[in-house]
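Down below is the structure, laid out as structure tokens.
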2 protein chains.
Amino acid sequence: MSSAVIDLKNCDNCPIRHRAVCARCEPDELEQLEDIKFYRTYDAGQPIMWAGDQMEFVASVVTGIATLSQTMEDGRTQMVGLLLPSDFIGRPGRVRASYDVTAVSEVTICCFRRKPFETMMVTTPHIGQRLLEMTLDELDAAREWMLILGRKTAREKIASLLAIIARREASLHLGKTGDGFAFDLPLTREAMADYLGLTLETVSRQISALKRDGVIALEGKRRVIVPDFDALIDETGDDADGGLLS
Amino acid sequence: MSSAVIDLKNCDNCPIRHRAVCARCEPDELEQLEDIKFYRTYDAGQPIMWAGDQMEFVASVVTGIATLSQTMEDGRTQMVGLLLPSDFIGRPGRVRASYDVTAVSEVTICCFRRKPFETMMVTTPHIGQRLLEMTLDELDAAREWMLILGRKTAREKIASLLAIIARREASLHLGKTGDGFAFDLPLTREAMADYLGLTLETVSRQISALKRDGVIALEGKRRVIVPDFDALIDETGDDADGGLLS
DNA sequence: GTTGCGCCTTGATCCGGATCAAACGGAAAA
DNA sequence: TTTTCCGTTTGATCCGGATCAAGGCGCAAC
């Protein structure tokens with residue numbers, strides 16, 4: 001694997017330090033962390049780890065996008081996680097990876113040797129608490145995903161995925177989700193198919209259909225324009241209010 | 001809701017105290033817990049809470065089986081969690097329930113008022129740590145479930161569900177999973193369909209097919225006999241070794 | 001007994017998405 | 001420039017599971 005240590009200290013973008021795990025750490029706790037962390041970068045398409053691999057470290061995504069996925073013996077693949085900056089990789093207490101982790105874009109991860117990290121979790125409750133919050137959020141996302149996989153039509157699945165990505169982009173760039181909102185798809189058609197439990201042909205056809213029906217517009221293959229966000233939400237089959245009302 | 005407080009102290013079967021959260025609590029921590037916990041019982045089929053309900057407590061299943069599920073406006077339903085004794089209900093820090101919780105059999109839950117429980121999580125790290133472990137296990141289960149929903153055929157789905165239930169029964173009763181192993185289905189055909197993203201007719205047909213092919217035998221509608229456990233596993237499409245080998 | 005009611009099974013038909021196949025378009029390599 | 005290649009689109013056909021419909025079985029109420 002062509003991965004390299006790129007920095008050992010003071011990465012302002014390190015999510016474990018500044019956003020994910022250590023948002024509430026004391027300065028001396030941060031110094032402890034500095035001693036056991038290092039960085040790795042992977043090119044788009046590269047595997048980061050295979051299911052069954054020995055995991056010597058846990059990690060956190062700093063930049064880029066990676067996927068968690070499971071593959072059956074005959075090759076059928078299901079994505080089970082989409083890892084964005086600040087998301088956590090690996091699991092304290094577990095020696096072997098349970099899923100394949102693959103870089104979708106160029107990805108930099110911040111690694112912590114597993115043993116020291118585990119002992120730190122005991123001595124520094126904040127880290128465990130933050131990890132619990134993150135895991136609960138992931139569980140909620142997984143459950144929303146299960147509804148998509150189990151009960152939605154192909155069109156609803158595509159609309160749901162677009163809405164998920166659009167919402168994330170909007171919140172990231174402080175952007176409005178108003179009219180004419182636009183964003184880039186970070187995933188290939190095949191990756192979208194693996195996400196949604198479809199074939200890439202069906203993904204392509206349904207995107208074309210949404211375009212034909214004026215729900216979205218495309219610039220090239222990857223850039224999506226959403227003229228009316230509510231119209232997109234209508235296509236997802238979800239409740240109009242995202243569970244916000246009584 | 002015909003729910004009643006059934007006991008306020010010393011429930012040897014309370015999973016929060018003895019199995020789930022407090023496995024490593026000190027005696028004085030247990031006493032703290034006693035002050036803020038109470039029990040409720042629900043009949044089979046009764047709703048325990050609806051998505052959107054205000055949650056005044058978090059809880060833990062003591063006896064019986066309950067389901068977590070999501071329903072779309074038009075009635076399509078997807079089960080997203082199967083709650084067994086010792087499983088946790090609710091989420092610290094969240095005011096409203098995200099999913100419908102329904103009793104499948106008669107269910108007794110052990111409730112903790114949410115606020116005191118949350119403050120206790122801060123003062124008693126063991127509880128948070130145990131909760132993290134449980135949540136990570138649930139996340140793994142959800143991801144296995146996503147593969148089932150997204151990529152498996154109806155027959156593989158049924159076989160997978162039977163294998164999941166069989167394995168749990170086996171581990172519960174210290175039972176072997178050897179030849180002639182038998183267990184009761186805790187779910188109706190409809191609940192199985194909601195679990196697997198199928199219709200109840202397809203569930204019924206595929207169970208009949210597995211019976212016809214000698215993979216399983218039935219006693220009545222609910223009791224399943226598995227003559228050869230490996231043959232059942234073969235039908236799931238999963239790797240033969242459950243990821244145990246290198 | 002018989003009636004009614006859940007829960008389950010089975011049959012006939014339909015349709016959405018998979019599969020097989022071909023071709024397109026843009027970017028990098030030659 | 002042309003070639004190659006990868007990601008994508010589109011078309012034709014097939015099939016697994018949904019849908020619609022009828023009937024069976026066990027059980028509790030009457």
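In what follows, chains carry the letters A, B, and so on, assigned in the order in which the sequence lines appear, proteins first and then strands, with residues in each chain numbered from 1. For the numbers below, each heavy atom of this structure counts, side chains included, while hydrogens, waters and symmetry mates do not.
- Note: CD (Q206(A)) to C1' (dC15(C)) measures 13 Å, nearest angstrom.
- Contacts between residues 183-198 of chain A and DNA chain D, defined by a heavy-atom separation below 4.0 Å, involve T188(A), R189(A), listed by number.
- Spacing between atom CD1 of I158(B) and atom C1' of dG16(D) amounts to 14 Å, rounded to whole angstrom units.
- Heavy atoms only, all atoms of each residue included: Y42(B) and A103(B) are closest at CB-CB, 4.1 Å.
- Between the P atom of dC8(C) and the CZ atom of R222(B) lies a distance of 5 Å, rounded to the nearest Å.
- Atom pair L210(B):CG and dT10(C):P shows a separation of 13 Å (rounding to whole Å applied).
- The aromatic rings of F57(A) and F38(A) sit perpendicular, their planes meeting at an angle over 60°, well past the 30° parallel limit.
- Salt-bridge formation is detected for the pair E138(B)/R143(A): a Lys NZ or Arg NE/NH1/NH2 atom is positioned less than 4.0 Å from an Asp or Glu carboxylate oxygen.
- No hydrogens or angles considered: a donor-acceptor pair under 3.5 Å links the side chains of T108(A) and T41(A).
- Sorted by residue number, the members of residues 147-155 of chain B with any non-hydrogen atom under 4.0 Å from DNA chain D read T153(B), A154(B).
- One interatomic measurement links the two molecules: CG of L218(B) to C1' of dC25(D), which rounds to 14 Å at whole-angstrom precision.
- Rounded to a whole Å, the CD1 atom of I207(B) is 11 Å from the C1' atom of dT9(C).
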| said: Using side-chain hydrogen bond (donor to acceptor under 3.5 Å, both in side chains), reason through R212(B) and S208(B) one step at a time and then give a plain yes or no. | reply: CA-CA 6 Å; R212(B) 174 168 38 69; S208(B) 298; over 6 Å; no
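- Around atom CD of E190(B), no more than 12 heavy atoms belonging to other residues, nucleotides or ligands sit under 6.0 Å away.
- Taking the six-membered ring for Trp, W50(A) and Y99(A) have ring centres at least 6.0 Å apart.
- Under the 4.5 Å side-chain criterion, counting only non-hydrogen atoms from C-beta, L68(B) is not in contact with M79(B).
- In terms of phosphate contacts, T202(B) brings no side-chain nitrogen or oxygen within less than 4.0 Å of OP1 or OP2 of dG17(D).
- Nucleotide dG16(C) holds its P atom 18 Å from the CD atom of E201(A), rounded to whole Å.
- The distance from atom CG of L200(A) to atom C1' of dC6(D) is 12 Å, rounded to the nearest whole Å.
- Between the side chain of R205(B) and the base of dT19(D), a donor-acceptor pair under 3.5 Å is found.
- Of the candidates D194(B), L198(B), T199(B), L196(B) forms a side chain to side chain contact (heavy atoms under 4.5 Å, CB included) with just one, namely L198(B).
- Within the 4.0 Å cut-off from OP1 or OP2 of dA18(D), at least one side-chain nitrogen or oxygen of T199(B) is found.
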